[in-house]
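Accompanying notes for the structure given below.
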Amino acid sequence: MNDAATPARYDFASAEPRWQHAWEDARCFSVPDVPYGSRPKYYVLEMFPYPSGKIHMGHVRNYTLGDVVARYKRARGFQVLHPMGWDAFGLPAENAARERGVHPAAWTYQNIDTMRAELKRMGLSLEWEREFATCDPSYYGQQQKLFLDFLRAGLVERKESAVNWDPVDHTVLANEQVIDGRGWRSGALVEKKRLSQWFLSITRFAPELLEALDGLDRWPERVKLMQANWIGRSEGARVRFALTEPVAGMEQVEVFTTRPDTLFGMSFLAVAADHPLATAAAGRSPEVAAFITEVRSLGTSEAAIEQAEKRGIDTGLRVAHPFIEGASYPVWIANFVLMEYGTGAIFGCPSGDQRDLDFARKYGLPVPPVILPPGEDPATFAIGDTAYTEDGTLYNSGFLDGLGTAEGKRAAIAALEKIGAGTGVVNWRLRDWGVSRQRYWGCPIPVIHCEACGVVPVPDDQLPVTLPEDVDFSKPGNPLDHHPVWKHVGCPQCGKPAQRETDTFDTFVDSSWYFARFTAPKAGTPLVPAAVNGWLPVDQYIGGIEHAILHLLYSRFFTRALHSMGYVGVAEPFAGLFTQGMVQHASYKARDGRWLAPDEVEVAADGSATDKASGLPVTVSRNDKMSKSKRNTIDPGAIIDQYGADTARWFILSDNPPDRDMEWTAAGVAGASRFSQRLWRLVNGAAATLPPPGTEPAEGAARDLRRATHRTIAAVTEALESFAFNVAVARIHEFANAIEAAGEADGAARREALEAAARLISPMMPHLAEELWSLLRPGAGLVAGLPWLESDAELAKADSVTLAVQVLGKLRSTIEVPVGADEATVFAAAEAEENVQRAIAGRPIRKRIHVPGRIVNFVV
RNA sequence: GCGGACGUGGCGAAACGGUAGACGCAGCAGACUUAAAAUCUGCUUCCCCUCGGGGAGUGCGGGUUCGAAACCCGCCGUCCGCACCA
């Protein structure tokens, strides 16, 4: 059937693997561990994937964006480091082991093989020689060395602490992994449990992690803001209140407040249910004990759900006021006071804090007003159900009377410090990072517990501490813990029987330094100074907004810690950050509630859809996140089979700006495919008839085509520089239109245009670029090895421009004038327009405005 | 509650304070075909019209400016983050 009548088409299926091999053979994307010579370095990195089984469209978008940057920067003369690896430890591998009896390592490495093959089909300019998985002993063994360095540097603590316990996954979660009181993975309600845990001292770096955000000028503002909020700096004071009688050895209770100026408005003191004072009070009163039990059982999550309800109980204890001789206040336990923030205790100033006011009203506590709002009369101002939390003038406040809020704070802190009852402090919301997980499939924490010697680091020559392969997943809990022999070792110090730590690291530890390891991935030390200092920081990091806090903050902390230990020269790992939007797809729900896959429905022109099988209408919901449960995922592999990698890449780039959520549509992919075929036809049809390379003076249509060429080079370059990839795509579309419109104009100009098109698409559609280039310049080598095109400003320049002519700011006409025409000529031409005259309607022109190349405006 | 971002045709979107809607998707009309696919050409913000044009228009209401989608003030809406943070 295929004969001469069938129009020729670009055969991506054979071309794409061919060019992938050509790049590989030419080692186009390899760089040395240490950047060499005078060419500047550029490190492009996309957040490495978790090997879940298959790549999804989010990966395709992420790696396409990174590849455009990598290929573009390479063409701009940079030595580009662009590696890929696998964030390979984690729970799903263990779940697979429990559910299907497959070993986590086998499951993981098999997934990696599958996904590597899929990524390779995308034609990414990656340096695969640097690939590693975090579950390789050669990686996590080096991580164990780093941990021991952290330990020696005093950046690790072992603390008994209340942890977030996930009862479904049987593991501890970081605060960041608790979302609305539920485990981020299992969704189970999180319980509080006390365990001995390893903590990395991220709080020590809180001030610099906050301050350095200002210097990250190529990070999205919102990510910096989210981090700043998470670190949560607040200035205030710690105030010690003496108990009127000691309880369980405690003589005082300390509170944190941001409003020491309102101390005279105190009405009560409240502590968290977990506070030692609460525990002491419980010992003296069954009612108090019962209340604490009740608050605990509700838990933080329930509290969040029913928010508003403030509850408390009077302990019967009292505290003295630091400033008011002889005054004392009741100590309450309140459910809205959190042990995790500040000191777990507050002083209640109902007139100046809404929560305190709600509490005071509920339990009939006094509400002494101390802040007078501007313009209010102290004789008449009263607090109703709304606390006054703004600035004002202090009154009823002894020595603070008459001071404003800021001066009041300073004066109160000075007075507290003078009498030894408190100090001005900065309080941080950030907690230390608990990294212990009661899990098998993670990096073993390299310490040994000895009854005589305590915690003993595993000696260097015994590293790596590798995971045992023979593990039993049939019991709940940590397989390392109930392994028959693995944990039983001799103490490295005294030689007596001791036990290995059976906890493994939070997988966020693994991803906190992988970007540094890529610079020398096979080294026998964690990092090689010349390599890591040569390549870091990552110049462009690209990934999802979901990592705005956790991964990015941990990585910043890790880099600072490594910096403080002399491992790396920089303090910030990521100079530029780009957060991409999600890939979404319409979802289809049948009447009976079943979700239908896209290929099971018939979508009409108006967007409505029917079930192919039954013919019944289905509910269409646009812009749904792709998910297996809604059956609206699109398999990248199938798209590449049908359309090729370039088409998938082109569509993803063309649809919208990369930081916004995009909708995957069949029509959009088809459009991208059409364009790739059109470009190919344009080149394939002309290649044989073009003159050999070389330029000649051009006139008329040829001159216009050369102008379009050089303008397009400039416009695409600018768009690529600013991550406006959708605009770059649009400019290339316009360029294709211009080349077609130029018809048979001049061979040399046409060759120049087609060659430019081939090279300009190369960051986005690299295979097609090579194919076109090989048609235009057989045997001339790879586009991947060519420098970026330069726009010739002379050629891009226009001979004449179209000016808009406005009267009173309203467009009335346009005129064509030579570039550089003098103002008098321009005004004369503009005034001569019939439409302009009609709009002026005989009125005198009061003002003439001319913005050269843009606009003329007459004010009448 | 606090903080932030964003509102432009049927849809995705462009637009140094200077011709709003480039480019694409969808749609309509036509060409080529026995037909379809593929491809190509034209039209496509809304309203009025004497086919020359005219009016309105970037969530709403004001303001600054010769000129505002963009800058300022106030609303409304959507989304995101944090959330009894003392």
Side-chain angles (χ1 to χ4, degrees), chain A residues 5-7 9 180 220-230 232-234 236 255-259 262 270 272 300 303-304 306-310 334-338 340-349 352-356 358-359 389 427-429 545 548-549 605-607 622-623 651 654-657 659-663 665-672 674-675 677-678 681 719 724 726-737 740 802-814 834-835 838-839 846-860:
Chain A
T6 308
R9 288 179 66 83
D180 291 336
E221 282 306 318
R222 65 172 177 149
V223 173
K224 290 195 274 184
L225 204 69
M226 282 160 75
Q227 294 220 347
N229 289 340
W230 192 265
R233 180 183 197 275
S234 60
V255 307
F256 172 72
T257 178
T258 55
R259 295 298 300 271
T262 64
T300 50
E306 56 168 334
Q307 283 192 27
E309 185 66 10
K310 306 237 177 319
N335 66 343
F336 68 91
V337 179
L338 307 174
E340 300 83 46
Y341 187 80
T343 63
I346 62 158
F347 85 85
C349 174
D353 183 284
Q354 191 59 46
R355 288 157 307 170
D356 297 350
D358 294 345
F359 193 77
T389 57
N427 193 65
W428 302 88
R429 183 185 173 280
I545 186 72
I549 296 172
D606 65 356
R622 282 192 63 185
N623 301 329
F651 169 56
S654 68
D655 191 58
N656 67 352
D659 56 340
R660 292 190 209 169
D661 291 347
M662 69 169 287
E663 191 187 4
T665 60
V669 189
R674 263 200 306 277
F675 184 71
Q677 291 293 346
R678 186 179 157 207
R681 277 198 310 275
N726 56 324
V727 179
V729 166
R731 294 292 166 256
I732 290 169
H733 267 281
E734 285 177 78
F735 187 38
N737 293 345
E740 283 187 344
T802 307
L803 290 185
V805 183
Q806 298 181 338
V807 178
L808 284 169
K810 275 193 187 300
L811 181 72
R812 294 301 172 189
S813 184
T814 57
E834 199 185 316
N835 257 1
R838 189 161 45 224
R846 291 190 294 141
K847 195 170 175 185
R848 293 172 168 83
I849 291 141
H850 173 219
V851 181
R854 294 270 176 203
I855 207 161
V856 171
N857 191 10
F858 294 128
V859 185
V860 292

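Throughout, a chain's letter reflects where its sequence line sits, starting with A, and its residues are numbered from 1. The analysis underlying the following values was restricted to heavy atoms, covering all of them including side chains, and did not include hydrogens, waters or symmetry mates.
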Please state whether the rings of A/F359 and A/F336 are parallel, tilted or perpendicular, taking 30° and 60° as the class boundaries.
-> perpendicular
For nucleotides 39-50 of chain B, tabulate all protein N/O to nucleotide N/O atom pairs closer than 3.5 Å, reporting atom names and distance.
unit_1	atom_1	unit_2	atom_2	d
B/rU39	O3'	A/R681	NH2	3.3

Which part of the nucleic acid does A/N857 contact within heavy-atom distance under 4.0 Å: base, sugar-phosphate only, or nothing?
->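 Counting heavy atoms under 4.0 Å across all strands, the contact made by A/N857 includes a base.
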Describe the nucleic acid contact of A/T665 in one word from base, sugar-phosphate, nothing, applying a heavy-atom distance below 4.0 Å.
->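 No contact.
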Taking [atom1] from [X] and [atom2] from [N], how many angstroms apart are they, rounded to a whole number?
X	N	atom1	atom2	value
A/F651	B/rA26	CZ	C1'	13 Å
A/D659	B/rC80	CG	C1'	13 Å
A/I855	B/rA68	CD1	P	10 Å

For side chain to side chain contact (heavy atoms under 4.5 Å, CB included), just list the numbers for A/L803 and A/H850, CA-CA rounded to whole Å, side-chain angles, deciding distance to a tenth of an Å, and then say yes or no.
-> CA-CA 9 Å; A/L803 290 185; A/H850 173 219; 4.0 Å; yes
For B/rA13, does OP1 or OP2 lie under 4.0 Å from any side-chain N or O of A/R660?
->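 Affirmative; the distance criterion is met.
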Is A/R355 near enough to B/rC85 that one of its side-chain N or O atoms lies under 4.0 angstrom from OP1 or OP2?
-> yes
Look at the side chain of A/N229 against the base of B/rC82 and say whether a donor-acceptor pair falls under 3.5 Å; ignore hydrogens and angles.
->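 Under the 3.5 Å cut-off, the side chain and the base do not form any donor-acceptor pair.
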For the base of B/rC66, is there a side-chain donor-acceptor partner from A/K847 under 3.5 Å away?
->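 No pair found.
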Return all side-chain donor-acceptor pairs below 3.5 angstrom for residues 851-860 of chain A, not counting sequence neighbours, or 'none' if the list is empty.
unit_1	atom_1	unit_2	atom_2	d
A/N857	OD1	A/L808	N	3.4
A/N857	OD1	A/G809	N	3.1

